[in-house]
Number of protein chains: 2
Amino acid sequence: MAIRLKDIAADLGVSTITVSKVLRNQPDVGEATRRRVLQRVKELNYRPNLLARGLASGRSDTVGLIVPDLVHTFFAEFAKGLKAGLRQRGYQLVLASAEEEPQLEVEEIENLLARGVDALLLASCQTSTEGLRSLLESKRPYVLIDRVLPDLSSHFVGTDDVAAGLMATEHLIAGNRRRIAHIGNSELSTGADRFRGYQLALQAAGIPLSDSLIVQSARLEESGDTVGYAAMDKLLQSRQLPDAVFCYNDLSAVGAIKRILEAGLHVPNDIAVIGCGNLRLAAYLEVPLSSIDQNTTELGEQAASLTTSLLSGSSRPEPREVRIKPKVVARASTVGKL
Amino acid sequence: MAIRLKDIAADLGVSTITVSKVLRNQPDVGEATRRRVLQRVKELNYRPNLLARGLASGRSDTVGLIVPDLVHTFFAEFAKGLKAGLRQRGYQLVLASAEEEPQLEVEEIENLLARGVDALLLASCQTSTEGLRSLLESKRPYVLIDRVLPDLSSHFVGTDDVAAGLMATEHLIAGNRRRIAHIGNSELSTGADRFRGYQLALQAAGIPLSDSLIVQSARLEESGDTVGYAAMDKLLQSRQLPDAVFCYNDLSAVGAIKRILEAGLHVPNDIAVIGCGNLRLAAYLEVPLSSIDQNTTELGEQAASLTTSLLSGSSRPEPREVRIKPKVVARASTVGKL
DNA sequence: TCCTGCTACGTTAGCGGTAACGTATTGAGG
DNA sequence: CCTCAATACGTTACCGCTAACGTAGCAGGA
């Protein structure tokens, strides 16, 4: 149906391989022939069939990215940065979303592999390595994004989440807060790391940890605001109120603030709140939200760089871990007198 | 490298075509053989090579979607709904983003076609039909999403944007507003339609149009809040202030509100503001934002339905246009005394 | 017994490219 | 004039799968 390489070749009276070489910028083609081919290709608006090319060559110059949810702007922004970085290096991106369902993610992995991607980037929502079987068997290079998995040492690009938790908590401490609560996600490695940073910051300041100030929820990723609301509700019932909260992400912070305000308390005067992720609208909220910025575009760029280096390097290097340092963005939700 | 259909066949002492038939649920295979094949496939964790399959069969049971920008949650949500709908009907989705660049969009179109998608869904940022040449030549079915293009009658799924503009403006009129401004996007069909709805509503209410109350900007899609801010700034300089503004999207509404508050005016008492799109955080903003909800998931579902029907139907039906009716979500930015 | 009509399965020929090697052609050097 | 190497281009054999047709084997009717 569509025009084929063969057609161009026949048209020009040369062999298919010659056209093929021209299209791939290979040597061993005369300058005159090369020009004739390119002109005809342009005239006919010919594009090589990527299925056939991939099948014949075993490569596709394409990498796949699977994210848990594109509605999370974090992942959408990451994909944007990644794509730009890949493009610059001559690779294409195929994007898939697992919709927060581990089983769907497994299907997407197998799907992209079956489509012949050269490498796979994976922000995984798996809870074990089980589902990655196909990926591991495929021997194709892959890079974990944002979240690591237990029992799997691999290349990784993500935020320095321990630093994120540390910086957020230090920021609260610097504002003279002492009873600092945490609304966290215990299921994801990002949640565990941020919690760890929280612990380290308290420890460094000589503030004892208090279980009554910590609420962990696994569902925080999906419906942050309602979960944050519920978690804050729980915190408000403890004997002694917190004077600050570090929330796993901005959405949960938004929910938490809602609950605080409903209780007739003031943010930040009664309770300061800081989130993580620095949503675009954070500055426009009812209480402008302090947050930790993850520099998402840089993450994408780094991921592109690492992936393409894996693809070009013949050797299989040691697992490399790239952690981007985040930064605090202070807004009204933490800046105020105690 | 990976395990092939041929291996399974050899392993079982049957021919490749038999295995192929089993995998595609085709008839003419004995029940016993079928079971043996399926078991072996599962044991070996075999997955057919989609490149080879697509090349041999000419179909891929895959549709492509190209959106202008995934960071727009509207498109991310649409993709989510679409994917669910396609999946349910036995199709897969391949996602691509044009990053608001028409040239990149053209490349993505050609890319997805070269990858053998059976159909293409396109939320286009083209300004003319020029860039769609490859798509049109490919003879493959396609559906425009959200935005229509001039000089191109085709299948379409999107919001009833005239109704959106109409309902938003009527809502403002119902709140006794009379000097109703509009911050719009003149470049996209959605912007033109919403503007048209705005005009119709005013006309129906007997309110004359005033050029000094209308600000159009093409850049509204990319950086809504700053453009909205600038547009509002302009409106505040007119001799007679507006008492309401209908903004093309929520982001521009956010920017507009910021400017209004900075001027020392009250929202909605001095100026009511309504946006469009109903962002997830709309209810949590400094001034909870009234908006038009587009029922994005339903859009995705409809798009899936239309596309698969095009794919299964052998005939080429008349261009079909599906317009989803939006609804008003009233919040504090419009509800208040004048 | 032979023919017919199923059912179950196989053979052959690609799909549109690419890899690896093979073969002309050319010009320089002896 | 011949050799030899470099250059330009072609031949052959797949890649992994499927479409379309072919054939064997069996049951049942005449």
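Not measured: the values here are computed from a predicted model. First the proteins, then the strands, lettered A, B, ... as listed; each starts at 1.
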Closest nucleotide among D:dG10, C:dA19, D:dC17 to the A:Gln26 side chain: C:dA19
Touch class at under 4.0 angstrom, heavy-atom based, for A:Pro27 against every strand present: nothing
Any B:Ser57 side-chain N or O less than 4.0 Å from OP1/OP2 of D:dT18: no
Gap between atom CZ of B:Arg40 and atom CG of B:Leu38 - 0.5 Å precision: 12.5 Å
N/O (side chain, B:Thr18) to phosphate O (OP1/OP2, C:dG10) under 4.0 Å: yes
Side chain of A:Ser20 (C-beta onward), nearest among C:dT18, C:dC15, D:dT18: C:dT18
Side-chain N or O of A:Tyr46 closer than 4.0 Å to phosphate OP1/OP2 of C:dG17: yes
Nearest-nucleotide pick for B:Leu5, side chain only, options being D:dC17, D:dG10, C:dC15: D:dC17
Phosphate OP1/OP2 of D:dT18: any B:Arg24 side-chain N/O under 4.0 Å: yes
Donor-acceptor under 3.5 Å (A:Thr18 side chain, A:Val14 main chain): no
Along DNA chain C (nearest heavy atom to each residue), the more 5'-positioned of B:Leu55 and B:Val29: B:Val29
Whole angstrom value for the distance that separates P of C:dG17 from CZ of A:Arg59: 17 Å
Integer-rounded Å distance: D:dC9 P and A:Lys21 NZ: 9 Å
Phosphate contact (C:dT18 OP1 or OP2) by A:Thr16 side-chain N/O below 4.0 Å: no
Spacing of B:Arg53 atom CZ relative to D:dC15 atom C1', expressed in whole Å: 16 Å
Gap between atoms CG and P, on A:Asp7 and C:dC15 respectively (whole Å): 11 Å
Separation of atom CG in A:Leu12 from atom C1' in D:dA8, rounded to whole Å: 15 Å
Euclidean distance, atom CZ of residue B:Arg115 to atom P of C:dG17 [Å, nearest integer]: 15 Å
From CG (B:Leu44) to NZ (B:Lys42), nearest 0.5 Å: 12.5 Å
Atom pair OH/CG of A:Tyr142 and A:Leu121 - distance to nearest 0.5 Å: 12.0 Å
Nearest-angstrom distance from the residue atom CG of B:Leu23 to P of D:dG16: 16 Å
Euclidean distance, atom CG of residue A:Leu50 to atom P of C:dG17 [Å, nearest integer]: 10 Å
Sole candidate of B:Arg147, B:Glu298, B:Gln294, B:Arg323 that passes side-chain hydrogen bond (donor to acceptor under 3.5 Å, both in side chains) when paired with B:Thr159: B:Gln294
Of B:Asn49 and B:Asp28, the one whose closest DNA chain D nucleotide lies more 5': B:Asn49
Side chain of A:Ala56 (C-beta onward), nearest among C:dG17, D:dG10, C:dG14: C:dG17
Closest listed nucleotide, where the reference is the side chain of B:Ile17 and the choices are D:dA19, D:dC9, D:dG16: D:dA19
Reported CG-to-CD distance for the pair B:Leu65 and B:Glu108, which is rounded to 0.5 angstrom: 11.0 Å
